[in-house]
Undergrad: 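My questions will all concern the structure given below.
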Amino acid sequence: MSNIIDGKSIAEEIRTSIKERVSKMKETMNINPSLTVILVGDNPASQVYVRNKERACIEVGIDSNIIRMSEKTSEQELLDTIQKLNEDRSVHGILVQLPLPEQINEDKIIAAIDPNKDVDGFHPINRGKLFAGEKSLEPCTPMGIIRLLDHIGYEIEGKNAVIIGRSNIVGKPVALMLLKRNATVTIVHTRTKDIKSITQTADILVVAVGRAKIVDSSYIKEGAVVIDVGINRLDGKLCGDVDFDDVKDKAGYITPVPRGVGPMTIAMLLENTLTAAEGIK
Ligand code: GUN
């Protein structure tokens with residue numbers, strides 16, 4: 001019987017401590033931490049994400065500002081907006097919600113954000129620092145995954161960690177973070193031969209594919225920690241990349257969807273905003 005990792009309540013605990021840090025920062029350093037989110041166009045999922053981020057900021061006392069730009073915004077207009085925010089000393093965190101409309105090159109936009117304000121951890125400098133194992137602003141979802149493992153008191157060092165998926169937002173950065181914590185790390189992906197023979201060796205299995213319920217109990221080693229990053233809609237209901245009901249009795253720990261990794265991502269965004277406001281160098 002596995003333990004279900006309650007990401008929602010763990011994230012709530014983290015947000016409570018962030019709220020205290022924010023008020024201390026306001027009192028002792030006279031800094032009002034602030035996050036500006038840029039939303040280009042009207043992608044419905046992005047609108048929901050941005051609203052949730054704003055709500056979370058308000059709840060902990062972080063100043064939140066959303067800049068909404070039209071679907072037809074040019075790359076130059078967006079670059080100019082970012083430049084102004086880079087120069088504005090009252091703005092500590094900048095997040096450009098992805099995806100962007102096709103006339104805008106995402107890599108160029110991410111590279112234009114001041115790396116010290118890059119609360120997504122997507123800037124090439126922050127990615128390079130993560131690669132080198134140096135301190136940096138790190139991507140929020142992978143940070144949230146490590147924090148969940150720490151919260152349940154799981155010893156990462158020396159364990160076999162397998163990640164299904166090689167995205168720049170989740171798969172690759174979480175692999176580097178687990179490596180930094182001395183796990184033995186394998187990434188498997190669409191071209192991997194015999195995925196199951198590898199996932200069956202995993203003490204920690206992170207699934208970040210984006211396809212509903214593709215991982216069933218035949219992928220899992222008895223007692224493994226299973227972290228499900230997927231958010232999919234199936235028959236009108238949210239579900240993960242893992243077939244929860246099939247896996248839950250075989251895994252040692254498992255994250256549900258919803259109430260698993262998702263709430264941790266926003267909590268880590270708040271934490272990165274504080275880190276940016278404190279000014280890590
Ligand atoms: N769209 C989906 N996930 C993310 C994310 O983590 N950051 C940004 N900026 N956009 C996203």
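Order of listing sets the numbers, starting from 1, for every ligand and every atom in it. What's counted below: heavy atoms across the whole structure, side chains too, no hydrogens, waters or symmetry copies.
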Undergrad: Heavy atoms under 4.0 Å from ligand 1: which residues qualify?
TA: Leu95, Val96, Gln97, Leu98, Asp120, Phe122
Undergrad: Spell out, yes or no, whether Val226 and Leu238 are grouped together once hydrophobic residues are joined by side-chain heavy atoms under 4.5 Å, including indirect joins.
TA: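 No; Leu238 is not reachable from Val226 via cluster members.
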Undergrad: If you draw a 6.0 Å radius around CD in Glu134, do more than 12 non-hydrogen atoms from other residues or ligands fall strictly inside?
TA: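 Yes, the 6.0 Å shell around CD holds more than 12 heavy atoms from other groups.
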Undergrad: Does Asn30 CG have over 12 foreign heavy atoms under 6.0 Å away?
TA: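 Count not over threshold, so no.
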Undergrad: More than 12 foreign heavy atoms under 6.0 Å from NZ of Lys196: is that the case here?
TA: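 Buried by this count: over 12 neighbours within 6.0 Å.
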Undergrad: Donor-acceptor pairs are to be reported for all side-chain atoms of residues 19-28 against protein atoms at under 3.5 Å, with residues two or more places apart or in another chain.
TA:
unit_1: Arg21; atom_1: NH2; unit_2: Glu278; atom_2: OE2; d: 3.2
unit_1: Ser23; atom_1: OG; unit_2: Glu20; atom_2: O; d: 3.2
unit_1: Lys26; atom_1: NZ; unit_2: Gly61; atom_2: O; d: 2.8
unit_1: Thr28; atom_1: OG1; unit_2: Lys24; atom_2: O; d: 2.8

Undergrad: Does a side-chain heavy-atom distance below 4.5 Å link Asp228 with Phe244?
TA: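 Asp228 vs Phe244: side chains apart.
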